[in-house]
Amino acid sequence: MSATAILSVTNPNAVVFGFGNRTFCCRSNFAKPSSRLFPSSSPMKPWTLDSRFSPLISTNRSLKSSVFRRFNTLMEWQECKVKMKVEVPVSVAYGLYSERESIPKWMTFISSVKVLKDKPDLSRWTLKYKAFGQNLEYAWLAKNLQPLPNQKIHWISLEGLPNKGTVRFFPLGPSSCEVELTFAYEVPLLLIPFAAALQPLMQGLIKNSLEQFAEIAKSTKTT
């Protein structure tokens, strides 16, 4: 005897199990459907598991949007923070990091950054990296928020991969400074099974990128 699990369209928290020609409904103690909206005489239409957990498959737009919002609350955010001493004046480090299209030179996992000509506070980013046996590629549109010259650069994504970050600059003297990069991102659905390993991977990548940035900044100072 086979069993098929479905979710009630009138109550997303109710699971219905069908055995042959019998149906058993197991409800949770959360929201109950209004009798005014769903009279007892109206038939209960089943909702397949595919449409519950894969909202892009659903052909019903209202259901798709509500399921997406419900599923989106389960997304996990991770944050990485790295500090690095850079042997250049703070103004040099700030100026170099402000050149967004140059960022792929020290961030090897970022394949390109393109600043929009008509809206210079916006830029399109592409990430490409091989990890967990997969060729990963993500893109997003970022908006640079109001900077503090020689102190802070920060941004937030407007579309694509959800992320946000801040680069802070602290003078250590006339010829050196400390750069602190904080990067937060939503774990992509594909990488949720690897979430525990993703954070240390990103921490290492960001550390390597700041080390590379320090070398590039130092060479820029001497030229």
- Which value, rounded to the nearest 0.5 Å, describes the distance between Ile153 atom CD1 and Thr166 atom OG1? 10.0 Å
- Task: For residues Pro104 and Ser112, report the shortest heavy-atom separation together with the two atoms involved.
- Result: CG-CA, 4.0 Å
- Can you find a pair of side-chain heavy atoms, one from Val88 and one from Leu96, that are under 4.5 Å apart? no
- Query: Can you get from Val179 to Phe109 by hopping between Ile, Leu, Val, Met, Phe, Trp and Tyr side chains that sit under 4.5 Å apart?
  - Reply: yes
- Message: Measuring only between side-chain heavy atoms, which start at C-beta, is Phe183 closer than 4.5 Å to Glu79?
- Response: no
- Message: Can you confirm whether Lys128 sits close enough to Leu136 that some side-chain heavy atom of one is under 4.5 Å from a side-chain heavy atom of the other?
- Response: no
- Nearest-0.5 Å distance that lies between atom NZ in Lys152 and atom OG1 in Thr182: 10.5 Å
- Under 3.5 Å donor-acceptor, Gln78 side chain and Ala184 backbone: no
- Task: Supply the atom-to-atom distance Ser176 OG to Lys218 NZ, rounded to the nearest 0.5 angstrom.
- Result: 11.0 Å
- Task: Write down the atom of Ser123, the atom of Leu116, and the distance for their closest heavy-atom approach.
- Result: CA-CD1, 4.1 Å
- Item | Co-membership, hydrophobic cluster, residues Leu181 and Ile216, 4.5 Å side-chain | yes
- Note on the structure: Minimal heavy-atom distance between Glu211 and Met84, with the atoms involved, is CG-CE, 3.4 Å
Table please: side-chain donor-acceptor pairs of residues 139-151 below 3.5 Å, with sequence neighbours left out.
from: Lys143; atom 1: NZ; to: Asp121; atom 2: OD2; distance (Å): 2.6

- Message: I'd like to check Gln199 versus Gln203 (side-chain heavy atoms, cut-off strictly below 4.5 Å). Are they in contact?
- Response: yes
- Between Ser157 and Pro162, what is the shortest heavy-atom contact and its length? OG-CA, 3.3 Å
- Query: Relative to each other, are the rings of Tyr94 and Phe169 parallel, tilted or perpendicular (30° and 60° limits)?
  - Reply: perpendicular
- So CZ of Arg124 and CD of Glu159: to nearest 0.5 Å the spacing works out to 5.0 Å
- Query: What residues form a side chain to side chain donor-acceptor pair (under 3.5 Å) with Glu137, not counting sequence neighbours?
  - Reply: none
- Do side-chain atoms of Glu101 reach the backbone of Val115 as a donor and acceptor pair under 3.5 angstrom? yes
- Query: Do Tyr138 and Leu191 have side chains that get closer than 4.5 Å, going by heavy atoms?
  - Reply: yes
- Item | Separation between CG of Leu198 and CG of Leu205, rounded to the nearest 0.5 Å | 9.0 Å
- What pairs with Trp106 under ring-ring contact (aromatic ring centres under 6.0 Å, His included), at least two apart in sequence or on another chain? Tyr97, Phe213
- Message: Less than 4.5 Å apart, side chain to side chain, heavy atoms only: is that true for Asn135 and Tyr129?
- Response: no
- Query: Are Lys164 and Trp77 in a cation-pi contact, defined as NZ or CZ under 6.0 Å from the six-membered ring centre and within 45° of the axis?
  - Reply: yes
- Message: Side-chain heavy atoms nearer than 4.5 Å, only ILVMFWY residues, links allowed to pass through others: does that put Tyr185 and Leu189 together?
- Response: yes
- Message: Pair Glu99, Lys105 - check salt bridge (charged side-chain N to carboxylate O under 4.0 Å, His left out), show working.
- Response: CA-CA 11 Å; Glu99 300 173 6; Lys105 292 180 180 179; over 6 Å; no
- Message: Quick check: is Ile156 connected to Val167 through a chain of hydrophobic side chains (ILVMFWY, heavy atoms under 4.5 Å apart)?
- Response: no
- May I ask you to test the Leu122-Leu158 pair for a side-chain heavy-atom distance under 4.5 Å? yes
- Give a yes or no on whether the backbone of Leu161 and the side-chain of Asn163 come within a donor-acceptor separation of less than 3.5 Å. yes
- When you check the gap from the basic side-chain N to the acidic O, do Lys83 and Glu180 get nearer than 4.0 Å? yes
- Task: Compare all side-chain heavy atoms of Trp125 with those of Ile110 and state whether any distance is below 4.5 angstrom.
- Result: yes
- Honestly curious: do Phe194 and Leu127 fall in one hydrophobic cluster under the side-chain, below-4.5 Å linking rule? yes
- Note on the structure: To the nearest 0.5 Å, atom CZ of Arg168 lies from atom CD of Glu178 at 12.0 Å
